[in-house]
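Sequential numbering from 1 along the given sequence is applied to the chain's residues. Model, not experiment: these values are computed from the prediction.
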Amino acid sequence: DLSYNKLDRLPLELGKLYKLFVLRLDHNGEWALPPPEIAARGGRSAVVYLRENLPPPPVRTERDWISVDRSDRQGLHFSCVCYNVLAEQYANGVMYGYCPDWALTWEYRREAVLRELLDLDVDIMGLQEVQWDHYTDFFEPQLAHWGYKGVFKAKGRERSLSERERFRTDGCAIFFRSARWELMYREEVEYSDLAKSLIAGKYTASSQPSGFARLYSRDNIALWILLRSVETGQLLLVVNTHMHWNPSFSDVKIMQSYLLLKGISSYLEKLKCPANMPIVILGDFNSTPDSGVYQFLTAGSLPSGHAEFLG
């Protein structure tokens, strides 16, 4: 309650209180900030106005990097980054109420994302939530200017959409320095399709475990590419994936993790790749270190009674 305080302005920082729904401003002075017509609508309108007029941050916050001793490294060496760039269709005030609307627009964010990626100066980038049109109109031409080539795979829903809607579908992209790497092969995987091919003929419609129906309803994907080092000729498999986000679908995420490793294994056998070939798996797994997904990917198995199998 800020009434009866002879106030004539509020700090812009008050706009960051996005969960503040009641703010009394009556019986104060002549408002300069927010403008009188905004203040007259009530405290909620004032907070929204202040948030939308927040200035851009003056400088980008530097990250605290952890240094790694590389003095004894041998063989093939390279750098990579994994980054969820947040698709435009998901960047809204409902999900990110603490952000001004202008800060959520793709036109504003894309330059910051590109600057971040280029400043990292890596050999390989694995990006998630890349909209198809943003890949073709922005990421591909911009990164090509800096010596990167890329590949892209949209989520499975694109097949059921109109041509106009299809290009707003998000997916995964991998970029690599073309001066260091040559693209040999690429593979696109939709987890629901891979699951259907693996269990074909093993179940009837009535005997199929319920988890498969939940898996089929999700359109998450994986993308991987086989690269050859221009310097040494050594092969490198780079994988990028984006798994389902909803915590209520923990069983689906575990199945997607299994399908990812199964798909990679089958792919390596098909191409007769060397057993010691390095593999880099990048992705947004929507999982925490105490999750079944993390346990499976690090240990290689899960107990059959694991709680996240959901029966």
* Could you tell me whether the side chain of F249 reaches within less than 4.5 Å of the side chain of L215, counting heavy atoms only? => no
* Could you go step by step and tell me if F175 and Y135 meet the ring-ring contact (aromatic ring centres under 6.0 Å, His included) rule? -> CA-CA 11 Å; F175 290 92; Y135 174 80; 5.6 Å; yes
* Take atom OH in Y185; do more than 12 heavy atoms of anything else shown fall under 6.0 Å from it? -> no
* Would you say the side-chain atoms of T298 pair up with the backbone N or O of Q295, donor to acceptor, closer than 3.5 Å? -> yes
* Asked: Between S291 and S287, is there a donor-acceptor pair closer than 3.5 Å when you use the side chain of the first and the backbone of the second?
  -> no
* To do: Could you tell me whether the side chain of E52 and the main chain of D101 form a donor-acceptor pair under 3.5 Å?
  => yes
* So R186 and E188, salt bridge (charged side-chain N to carboxylate O under 4.0 Å, His left out) or not? Walk me through it. -> CA-CA 7 Å; R186 63 175 289 172; E188 301 176 356; 2.5 Å; yes
* To do: Answer yes or no: is there a side-chain heavy-atom contact under 4.5 Å between W181 and F78?
  => yes
* **Contact check, side chains of V280 and V239, non-hydrogen atoms, under 4.5 Å** => no
* Asked: Out of curiosity, does V122 fall in the hydrophobic cluster containing V130 (side-chain heavy atoms, cut-off under 4.5 Å, transitive links)?
  -> yes
* To do: Under the salt bridge (Lys or Arg N to Asp or Glu O under 4.0 Å) rule, collect the residues that match up with E231, sequence neighbours excluded.
  => R180
* Flag yes if more than 12 heavy atoms outside R44 fall under 6.0 Å of its CZ atom; otherwise flag no. => yes
* Asked: Does D121 reach the main-chain N or O of D119 with its side chain, forming a donor-acceptor pair under 3.5 Å?
  -> no
* With a 4.5 Å heavy-atom cut-off, do M243 and D284 have their side chains touching? -> no
* Cation-pi check, K196 to Y216: give yes when NZ or CZ is under 6.0 Å from the six-membered ring centre and within 45° of the ring axis, no otherwise. => yes
* Asked: Can you tell me if N28 uses its side chain to pair, donor with acceptor, with the backbone of L2 under 3.5 Å?
  -> yes
* Asked: So, the side chain of S192 versus the backbone of D219: is there a donor-acceptor pair under 3.5 Å, distance only?
  -> no
* To do: Show your working on side-chain contact (heavy atoms from CB on, under 4.5 Å) between L235 and L226 and close with a plain yes or no.
  => CA-CA 7 Å; L235 297 176; L226 186 64; 4.2 Å; yes
* Asked: Does Q256 reach the side chain of T241, with side-chain heavy atoms less than 4.5 Å apart?
  -> no
* Sidechain N-carboxylate O distance under 4.0 Å for R166, D133 -> no
* To do: Output the distance between atom CG (L114) and atom CG (L143), rounded to the nearest 0.5 Å.
  => 6.0 Å
* Residue pair L117 / L127: nearest heavy atoms and the distance that separates them -> CD2-CD2, 4.0 Å
* Asked: Distance from F285 atom CZ to C82 atom SG, nearest 0.5 Å?
  -> 7.5 Å
* To do: Go through the side-chain N and O atoms of S229 and T232 and say whether any donor and acceptor fall under 3.5 Å apart.
  => yes
* Asked: Which pair of heavy atoms, one from C80 and one from L282, lies closest together, and at what distance?
  -> SG-CD2, 4.2 Å
* List the steps and the verdict of side-chain contact (heavy atoms from CB on, under 4.5 Å) for L260 and I281. => CA-CA 10 Å; L260 176 67; I281 300 180; 4.1 Å; yes
* Asked: Given L10 and L7, is the side-chain contact (heavy atoms from CB on, under 4.5 Å) satisfied, shown in steps?
  -> CA-CA 8 Å; L10 295 173; L7 299 173; 4.3 Å; yes
* Structure fact -> Here the pair of heavy atoms bringing L236 nearest to P278 is CD1-O, 3.5 Å
* Asked: Any chance the rings of F176 and W146 have centres within less than 6.0 Å?
  -> no
* Asked: Backbone N or O of V293 within a donor-acceptor pair of the S257 side chain at under 3.5 Å?
  -> no
* Asked: Closest heavy-atom contact between V85 and W106?
  -> O-CZ3, 4.4 Å
* For the residue pair W132 and F152, categorise the inter-ring angle as parallel (less than 30°), tilted (30 to 60°) or perpendicular (more than 60°). => tilted
* Asked: About how many Å separate CD of E308 and CG of L302, when rounded to the nearest 0.5 Å?
  -> 8.0 Å
* To do: State the NE2-CZ distance between H134 and R109, to the nearest 0.5 angstrom.
  => 8.0 Å
* Asked: Should L261 and L297 count as side-chain neighbours, where that means a heavy-atom distance under 4.5 Å?
  -> yes
* Asked: When hydrophobic residues are tied together by side-chain contacts of less than 4.5 Å, even through go-betweens, does L14 share a cluster with Y98?
  -> no
* **Full working for side-chain contact (heavy atoms from CB on, under 4.5 Å) between L237 and L268** => CA-CA 9 Å; L237 186 69; L268 296 178; 3.9 Å; yes
* To do: Would you please test Y191 and R218 for side-chain hydrogen bond (donor to acceptor under 3.5 Å, both in side chains) and show each step?
  => CA-CA 8 Å; Y191 289 123; R218 306 296 98 191; over 6 Å; no
* Asked: Does F296 reach the side chain of Y294, with side-chain heavy atoms less than 4.5 Å apart?
  -> no
* Just checking, is any N or O donor in the side chain of R51 or Y18 under 3.5 Å from an acceptor N or O on the other one? -> no
* Are V113 and L120 connected in the hydrophobic side-chain network, where two residues link if heavy atoms are under 4.5 Å apart? -> yes
* Structure fact -> Hits for side-chain hydrogen bond (donor to acceptor under 3.5 Å, both in side chains) against R110, two or more places apart or cross-chain, chain-then-number order -> none
* Structure fact -> One should read off an interatomic distance between S178 OG and L227 CG, to the nearest 0.5 angstrom, of 11.0 Å
* **Under 3.5 Å: donor-acceptor pair, side chain of D8, backbone of W31** => no
* Asked: If you group Ile, Leu, Val, Met, Phe, Trp and Tyr by side-chain heavy-atom gaps below 4.5 Å, do L54 and L17 land in one group?
  -> yes
* Kindly give the heavy-atom pair with the smallest separation between P34 and Y49, and that separation in Å. => CB-CD2, 3.7 Å
* Structure fact -> In this structure, NZ of K253 is separated from CE of M255 (nearest 0.5 Å) by 12.0 Å
* Option from N240, N84, D170 for which side chain to side chain donor-acceptor pair (under 3.5 Å) with Q128 holds -> N240
* Any side-chain heavy-atom pair of H242 and N286 under 4.5 Å -> yes
* Hey, are E88 and R168 close enough for a salt bridge, meaning a charged N less than 4.0 Å from a carboxylate O? -> yes
* salt bridge (charged side-chain N to carboxylate O under 4.0 Å, His left out) evaluation trace for E190 with K153 -> CA-CA 10 Å; E190 296 185 19; K153 163 63 179 167; 2.8 Å; yes
* Give the minimum heavy-atom separation between S248 and N246, together with the two atoms involved. => N-OD1, 2.9 Å
* Using modelled atom types only, decide if a donor and an acceptor are shared between the side chain of S265 and the backbone of K262 within a distance under 3.5 Å. => no
* hydrophobic_cluster_shared for L12 and Y108, side chain cutoff 4.5 Å -> no
